[in-house]
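Convention: sequence-line order gives letters A, B, ...; per-chain numbering from 1.
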Number of protein chains: 2
Amino acid sequence: MDMREDRTTAVESGSRARTRRAILDAAAALLATEPTASLGDVAAAAGVGRTTVHRYFPDRSSLLAAVSTDVLDKVATATERARLDDGPAAKALERLCQEYFELGDSLTLMFDSPMLMDAADWEEDTPADLAFLHAVRRGHAEGGIDAGMDAEWVRSVLWALLYSAWEQTRHYDTPKHTALTQCLHTLRKAIAP
Amino acid sequence: MDMREDRTTAVESGSRARTRRAILDAAAALLATEPTASLGDVAAAAGVGRTTVHRYFPDRSSLLAAVSTDVLDKVATATERARLDDGPAAKALERLCQEYFELGDSLTLMFDSPMLMDAADWEEDTPADLAFLHAVRRGHAEGGIDAGMDAEWVRSVLWALLYSAWEQTRHYDTPKHTALTQCLHTLRKAIAP
DNA sequence: GCACAGTGGAACATCGGCGTTCCACTACGG
DNA sequence: CCGTAGTGGAACGCCGATGTTCCACTGTGC
C-alpha cells in the first residue's frame with residue numbers, strides 16, 4: 001500500500017509543525033473577529049511573513065479548509081470529553097456546553113462560518129453530531145429534555161447561547177465564569193420540559 | 001432656519017424614492033446572506049444598474065450606513081408596535097420577539113452586523129434600547145422575569161433565539177410559524193424565574 | 001414635438017489582495 | 001566549515017471590486 005500523503009499528520013520537522021500551528025491559531029482567532037482579514041493580516045498575527053503562509057497553505061481556500069478541519073477536530077475532542085452517554089441527558093448537554101465554551105474564539109467561527117468556509121466535510125454527520133442527536137433523543141425518552149424541542153432546535157439553541165455568552169465576554173467586561181454561569185443557567189431552563 | 005438637508009425624508013420624486021427603497025431592500029437581503037457581496041451583485045439583486053447604485057450611494061460605506069439606519073428604523077417601529085409597557089413584562093418580551101421575527105433577513109444583519117457596519121449611531125442608546133431595558137427591569141420587579149438574568153443577557157438571549165429560529169427557516173425546511181412557535185416557547189422558559 | 005428626470009451600459013483608471021518568484025539571511029547538524 | 005531547512009522580504013503580474021465619466025435610451029409632462 002502506498003501511503004499517499006497524510007496531510008494532517010504528515011512527517012513534519014518539529015519546527016514546521018510549530019509554525020503551522022501558529023498560523024492556524026492566529027487565523028482562527030483573527031477570522032473569528034474579522035472574517036475578511038487579508039492573508040497579510042493573518043501572517044502578521046501569526047508573527048510570520050506572508051510568504052511563509054503561502055508556503056504552508058498555497059491559497060486562501062487551503063488555509064480556510066485547514067482552519068475548518070482544525071476547529072472541527074477541537075469540537076470533536078470537546079464532545080468526547082463531555083461523555084454525552086453518562087448520566088442524565090440534560091446534565092450531559094450542560095457538560096457539552098461547558099466544554100464548547102472552552103473553545104473560545106473558535107466557536108465564533110463554528111457559529112457563523114457557514115458563510116466563511118465551504119469545506120466539503122461541513123454538512124456531513126460527524127460522530128459528534130450523532131452523539132449529540134443520540135443524547136437529545138435519550139433526554140426526550142428520560143423526560144429530562146423538553147420533548148417539544150426538535151433535536152435540531154436544541155442544537156441551535158445551545159450554539160446560540162454559547163455564542164451570546166462569548167460575545168458578552170468580548171464586548172462587555174463580563175468575566176468568563178459569569179458568562180458561562182448565565183449561559184448554563186439559561187440552557188438548563190430552556191431544555192427543561 | 002435653514003433646513004440643511006434632511007437625508008432620510010429629502011424631497012424625492014416618487015420614482016427616486018422607489019428605486020432607493022429597492023436598492024436598500026435588496027442590499028439588506030443580500031448582505032444578510034452574503035456579507036461580502038459586491039456592489040454589482042447588489043445592483044443586480046435590486047434590478048438596477050451598478051451606475052444607479054452609485055448615483056444614490058456614492059461609495060460602499062454610504063450604502064452600508066444607509067442600510068444600517070434603515071434597519072435601525074425598522075427595529076424602532078417594531079419595538080413601538082410591541083407596546084412594551086402594556087401588560088406583564090414577560091408577555092411584552094414575547095410580543096417583541098414576534099415583531100422582530102417579522103423583520104426577516106434584516107435581523108440577521110442586526111445580529112452579526114457589528115462586523116459589517118461601523119455606523120456611528122450603533123452603540124448609542126436608542127429609545128428602543130431604553131424601552132427594552134425598562135421592560136426587563138419591570139419584569140424583574142413584577143417577578144415575571146428571572147431576576148438572575150442581567151438585562152444585557154436577556155437581550156442577547158432574545159436576539160440569539162431569534163437568529164436561530166430564522167436560521168431554521170433558511171437552512172432547513174422548517175415553516176416560519178413553527179420556527180416562531182419554538183422560539184417563543186423557548187424564550188418563555190428561558191426568561192421565567 | 002421637446003425638455004428633462006431617471007436610467008443602463010460601456011469604458012477607464014485605481015487600488016488592494018493574491019499568488020508567484022527570487023534572493024539573502026539565520027540556525028543547525030554533519 | 002559547509003550543506004540544508006526554514007524563513008523574511010522585495011518585486012512582479014494578475015484580477016476583481018471600486019469609483020468615475022460619458023453617452024444613449026426611455027418615459028413623462030409641458
Side-chain angles (χ1 to χ4, degrees), chain A residues 5-68 113 115-119, chain B residues 5-68 113 115-119:
Chain A
E5 60 170 356
D6 193 338
R7 281 176 194 77
T8 59
T9 23
V11 208
E12 281 189 334
S13 82
S15 169
R16 282 191 66 85
R18 248 178 298 125
T19 58
R20 181 186 204 83
R21 272 252 59 85
I23 295 174
L24 280 177
D25 290 342
L30 188 54
L31 293 178
T33 64
E34 200 86 30
T36 66
S38 75
L39 292 187
D41 296 337
V42 173
V48 302
R50 193 169 67 93
T51 311
T52 301
V53 173
H54 277 107
R55 250 189 279 271
Y56 286 80
F57 309 98
D59 46 14
R60 189 185 178 88
S61 63
S62 314
L63 175 60
L64 259 48
V67 170
S68 171
S113 54
M115 338 264 189
L116 250 186
M117 329 188 174
D118 318 275
Chain B
E5 62 168 357
D6 194 337
R7 282 176 194 75
T8 60
T9 25
V11 208
E12 280 191 336
S13 81
S15 169
R16 282 191 66 86
R18 247 177 299 124
T19 59
R20 181 188 204 82
R21 271 253 57 86
I23 296 175
L24 243 41
D25 290 342
L30 187 55
L31 293 178
T33 65
E34 199 88 29
T36 65
S38 75
L39 293 187
D41 296 337
V42 172
V48 302
R50 194 169 67 93
T51 311
T52 302
V53 173
H54 276 106
R55 249 189 280 272
Y56 286 80
F57 309 98
D59 46 15
R60 189 185 180 87
S61 63
S62 314
L63 175 61
L64 260 48
V67 170
S68 171
S113 55
M115 339 264 187
L116 251 186
M117 330 187 174
D118 317 274

**Q** Which atoms form the tightest heavy-atom contact between Val42(B) and Leu63(B), and what is the distance?
**A**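 For Val42(B) versus Leu63(B), the nearest heavy atoms are CG1-CD2, 4.3 Å.
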
**Q** Evaluate the side-chain contact (heavy atoms from CB on, under 4.5 Å) criterion for residues Phe57(A) and Leu24(A): first the C-alpha distance (whole Å), next the side-chain angles of each, then the deciding distance (0.1 Å), finally the verdict.
**A** CA-CA 10 Å; Phe57(A) 309 98; Leu24(A) 280 177; 3.9 Å; yes

**Q** Along nucleotides 22-30 of chain C, 5' to 3', which nucleotides get a B, which get an S, and which get a -, given that the test is a protein heavy-atom distance under 4.0 Å?
**A** ---------

**Q** Side-chain N or O of Tyr56(A) versus OP1/OP2 of dG6(D): is the shortest distance under 4.0 Å?
**A**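 Looking at the OP1 and OP2 atoms of dG6(D), neither is under 4.0 Å from any side-chain N or O of Tyr56(A).
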
**Q** Which pair of heavy atoms, one from Ala22(B) and one from Ala46(B), lies closest together, and at what distance?
**A**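 So the two residues come closest at O-CB, 3.8 Å.
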
**Q** Which pair of heavy atoms, one from Ala26(B) and one from Ala45(B), lies closest together, and at what distance?
**A**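 Shortest heavy-atom contact: CB-C, 3.8 Å.
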
**Q** To the nearest 0.5 Å, tell me how far His54(B) NE2 sits from Arg60(B) CZ.
**A**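 The CZ atom of Arg60(B) is 9.5 Å from NE2 of His54(B), to the nearest 0.5 Å.
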
**Q** dG17(C) P sits how many Å from Leu63(A) CG, rounded?
**A**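 Atom-to-atom, Leu63(A) to dG17(C), this comes out as 16 Å.
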
**Q** With rounding to the nearest 0.5 Å, note down the distance linking OG1 in Thr36(B) to CG in Leu30(B).
**A**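 Thr36(B) atom OG1 to Leu30(B) atom CG measures 9.0 Å (nearest 0.5 Å).
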
**Q** Rounded at 0.5 Å granularity, tell me how far CG in Asp59(A) sits from CG in Leu64(A).
**A**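 Going from CG on Asp59(A) over to CG on Leu64(A), the span is 10.0 Å.
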
**Q** Within less than 4.0 Å of OP1 or OP2 of dT7(D), is there a side-chain N or O belonging to Thr19(A)?
**A**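 For dT7(D), OP1/OP2 do have a side-chain N/O of Thr19(A) under 4.0 Å.
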
**Q** Locate the shortest heavy-atom distance separating Tyr56(A) from Arg20(A); write the atom from each residue and the value.
**A**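 What the structure gives for the nearest pair is CD2-NH1, 3.8 Å.
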
**Q** Figure out the CZ/C1' separation between Arg16(A) and dA5(D), and round it to whole Å.
**A**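 From Arg16(A) CZ to dA5(D) C1': 9 Å.
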
**Q** Which parts of nucleotides 14-19 of chain D does protein reach within less than 4.0 Å, heavy atoms only, written one letter per nucleotide 5' to 3' as B for base, S for sugar-phosphate only and - for none?
**A** ---SBB

